[in-house]
Amino acid sequence: MPQRQAFPKPSHDHERCIAKAMDAARQACASQGAQFTELRRQVLEIVWGSHAPIGAYEILSALTKNGRRPAPPTVYRALDFLLAHGLAHRIESKNAYVGCTHRHEDDRHSQFLICRACGQAVEVRDFALSQAIQQLAKNSGFAIEDQMVELAGLCPTCKGKDAHAS
Ligand SMILES: [Zn+2]
Ligand SMILES: [Zn+2]
Ligand SMILES: [Zn+2]
């Protein structure tokens with residue numbers, strides 16, 4: 001069985017993804033007593049423009065299109081806020097950001113499947129894998145501060161296209 005619908009279907013209603021993510025963000029901020037300012041909201045909405053990670057400069061230019069001209073440090077601060085509150089993740093291999101609707105308590109043990117064709121990144125959370133990584137670190141006397149597992153490849157849709165093309 002493939003991971004149940006890890007990747008969204010191309011035909012899915014992405015407006016609903018955005019609406020759900022924005023609702024979840026509002027709630028998360030309210031429950032953490034954090035300010036969901038207009039800029040933070042706009043940045044998150046741009047991050048949720050698709051399921052593909054987006055770079056800070058693309059975010060900046062999208063904001064400029066919206067009629068704002070924030071300075072880059074302001075955008076980085078908004079992104080830091082989103083990261084700190086578990087509303088987005090940084091995909092290191094892409095130097096880009098992707099939205100998150102998981103409720104991360106203090107665990108940050110996710111794995112990301114990143115499609116090299118369409119660019120979509122999907123977050124999966126495999127507890128056993130996280131445990132194995134912790135054990136690996138322990139055996140090496142290594143203290144993990146950050147766990148980033150990013151797997152590159154083809155999503156089911158792009159894999160299908162690839163098979164047809166060849
Ligand atoms: Zn979507
Ligand atoms: Zn997440
Ligand atoms: Zn793909």
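Every number for a ligand or one of its atoms is a count from 1 in the order of the listing. No hydrogens, no waters, no symmetry mates; every other heavy atom, side chains included, goes into these values.
- Between L83 atom CG and Y76 atom OH the span is 11.5 Å, to the nearest 0.5 Å.
- Contact check for L79 versus Y97: side-chain heavy atoms found under the 4.5 Å cut-off.
- Within the protein, the number of N/O/S atoms found under 2.8 Å from the Zn ion (ligand 1) is 4.
- For the Zn ion (ligand 2), protein N/O/S neighbours under 2.8 Å (waters excluded) are H89 NE2, C100 SG, H104 NE2, E123 OE1, E123 OE2.
- Counting heavy atoms from C-beta on, the side chains of S93 and I114 come closer than 4.5 Å.
- By the ring pair (Phe, Tyr, Trp, His ring centres under 6.0 Å) test, F36 is found to be paired with no residue, residues two or more places apart in sequence or in another chain being considered.
- Nearby protein atoms of type N, O or S around the Zn ion (ligand 3) amount to 4 (distance under 2.8 Å).
- Aromatic ring orientation, H12 versus H51: tilted (interplanar angle from 30° to 60°).
- Here E123 contributes atom CD and H89 contributes atom NE2; the two are 3.5 Å apart, rounded to the nearest 0.5 Å.
- Between S110 and H102 the shortest side-chain heavy-atom distance does not fall below 4.5 Å.
- Between Q120 and P8 the shortest side-chain heavy-atom distance falls below 4.5 Å.
- To the nearest 0.5 Å, the span separating OG on S31 from NE2 on H85 amounts to 9.0 Å.
- Between the side chains of D23 and Q27, not a single donor N or O lies within less than 3.5 Å of an accepting N or O.
- Side chains of Q42 and E38: a donor-acceptor N/O pair is present below 3.5 angstrom, by distance only.
- Contact check for N95 versus R90: side-chain heavy atoms found under the 4.5 Å cut-off.
- Looking at E150, its side chain never comes within 3.5 Å of a backbone N or O of I91 through a donor-acceptor pair.
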